[in-house]
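Data block below; observations after.
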Amino acid sequence: MTIIEIPAGWPVDESAARAVQQELRGRLVRDEEGPGAGEGHVTGLDVAYDDERDLVVAAAVVLDARTLRVVQEATAVGRVSFPYVPGLLAFREIPTVLAALDRLTVDPGLLVCDGYGLAHPRRFGLASHLGVLTGRSSIGVAKNPFTFTYEQPGSARGDFAPLLAGGEEVGRALRTRAGVKPVFVSVGHRVSLANACAHTLHLTPRYRLPETTRHADSLCRRALNEALGEE
DNA sequence: GCGACAG
DNA sequence: ATCTTGTCGC
């Protein structure tokens with residue numbers, strides 16, 4: 001089993017990580033609509049951890065956006081590259097996620113991350129970070145509202161309410177299943193918020209969470225168990 | 001100062 | 001994220 005190296009110069013403390021966010025934030029593109037929902041490929045990304053052995057396993061699963069069928073899967077194993085600090089999640093998983101993406105031989109299309117993009121203390125969460133580093137369109141779909149506030153959206157699938165940081169709309173609480181807790185959608189890079197929500201609805205014909213996330217989640221858990229077995 | 005806080 | 005069985009319900 002190959003273990004991905006943490007890149008030289010990777011931030012070693014919180015202030016260094018925040019400086020990297022500030023620099024990369026300048027490269028964020030917000031004036032593009034992004035690819036249409038249901039067109040081309042969509043790629044789900046997720047990671048699983050074994051803090052005991054300091055391992056992180058990333059999975060990238062490419063789906064055909066129209067049929068939601070799996071087109072290709074890739075995984076990578078790395079060392080945990082940063083402690084979990086709210087607001088600095090990206091530094092914990094990005095080297096391994098990039099390695100998994102690099103192993104794909106097909107176009108990933110839109111990147112769908114487990115977490116946030118612009119809905120972030122400094123408006124640069126995991127989805128934005130990954131989008132800027134790859135140059136691709138990306139969105140974040142999170143299971144929890146983090147520190148943000150929102151009013152309950154209507155109970156029908158597709159209903160939404162703004163996710164607010166003070167008075168600023170940083171994302172949306174979007175109902176993907178009638179009567180079920182909403183998911184929290186935000187823009188990553190090179191996509192509009194309305195389009196990010198349209199993609200999220202296309203990816204949730206049956207469950208609360210996007211098919212991309214569900215596939216990537218199960219794959220990285222399986223890959224983690226295999227990695228532990230080889231050890 | 002204390003608590004909350006994506007995964 | 002992760003520790004973790006059965007169980008209630010469609």
Side-chain angles (χ1 to χ4, degrees), chain A residues 11 14 17-18 20-21 24-25 28 44-61 75-98 100 111-132 138-150 155 157 162-166 168-174 176-189 193 196 200 205-210 212-225 227-228:
Chain A
E14 298 186 21
R18 284 192 295 270
V20 170
Q21 285 184 331
L24 293 178
R25 177 79 176 75
L28 192 63
L45 303 165
D46 197 13
V47 299
Y49 299 101
D50 185 87
D51 288 317
E52 201 70 8
R53 304 185 203 214
D54 193 40
L55 291 179
V56 51
V57 176
V61 180
T75 61
V77 181
R79 297 294 179 193
V80 174
S81 50
F82 210 82
Y84 173 64
V85 178
L88 298 176
L89 176 64
F91 295 91
R92 187 166 169 76
E93 25 191 82
I94 272 192
T96 312
V97 170
L98 286 177
L111 306 182
V112 181
C113 302
D114 206 348
Y116 280 121
L118 291 179
H120 177 273
R122 292 168 295 280
R123 306 294 179 269
F124 199 73
L126 172 65
S128 297
H129 200 138
L130 212 47
V132 167
S138 63
I139 69 174
V141 181
K143 299 182 280 296
N144 297 293
F146 201 8
T147 60
F148 305 105
T149 59
Y150 66 101
S155 59
R157 164 172 156 84
L163 188 63
L164 300 170
E168 180 186 359
E169 182 181 34
V170 295
R172 285 177 183 168
L174 176 66
T176 56
R177 308 300 307 158
V180 172
K181 176 179 176 175
V183 297
F184 303 91
V185 179
S186 59
V187 163
H189 182 56
L193 180 55
T200 302
R206 173 142 192 202
Y207 299 103
R208 175 188 177 230
L209 296 178
T212 39
T213 302
R214 291 165 41 79
H215 278 100
D217 181 72
S218 73
L219 178 57
C220 67
R221 286 183 204 235
R222 269 179 283 139
L224 174 61
N225 287 327
L228 296 181

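Protein chains get the first letters and strands the later ones, always in sequence-line order, with residue 1 at the start of each.
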Side chain to side chain, A:Thr96 and A:Val47, heavy atoms closer than 4.5 Å: no
Nearest-angstrom distance from the residue atom CG of A:Asp217 to C1' of C:dT2: 12 Å
Touch class at under 4.0 angstrom, heavy-atom based, for A:Gly87 against every strand present: base
Distance in angstrom units between A:Arg221 CZ and B:dG7 C1', rounded: 11 Å
Interatomic distance, A:Phe91 CZ vs C:dA1 C1' [rounded to whole Å]: 19 Å
Sugar-phosphate, base or nothing in reach of A:Leu88, heavy atoms under 4.0 Å: base
Phosphate contact (B:dA6 OP1 or OP2) by A:Arg92 side-chain N/O below 4.0 Å: no
side-chain N/O A:Asn144 vs B:dC5 OP1/OP2, d < 4.0 Å: no
For atom OH of A:Tyr207 and atom P of C:dC10, their distance in whole Å: 17 Å
Distance below 4.0 Å between A:Tyr49 side-chain N/O and B:dG7 OP1 or OP2: no
Output field: ring centroids A:Phe184/A:Tyr150 closer than 6.0 Å: yes
Nearest-Å distance for atom pair CD/C1', residues A:Glu93 and B:dG7: 6 Å
Whether A:Phe91 and A:His129 hold their rings parallel, tilted or perpendicular, with breakpoints at 30° and 60°: perpendicular
Residues A:Arg221 and A:Asp46 bridged, charged N to O under 4.0 Å: no
A:Phe184 aromatic ring stacked with six-membered ring of B:dA6, 5.5 Å and 30°: no
Distance, rounded to the nearest Å, where A:Leu174 contributes CG and B:dA6 contributes P: 19 Å
Under-4.0 Å side-chain N/O to phosphate OP1/OP2 contact, A:Lys143 with B:dG7: yes
Protein-nucleotide distance (A:Leu228, atom CG; C:dT2, atom C1'), rounded to Å: 13 Å
Separation of B:dG7 P from A:Leu45 CG (nearest whole Å): 14 Å
Touch class at under 4.0 angstrom, heavy-atom based, for A:Ala48 against every strand present: sugar-phosphate
Contact check, side chains of A:Arg206 and A:Arg214, non-hydrogen atoms, under 4.5 Å: no
Touch class at under 4.0 angstrom, heavy-atom based, for A:Asp50 against every strand present: nothing
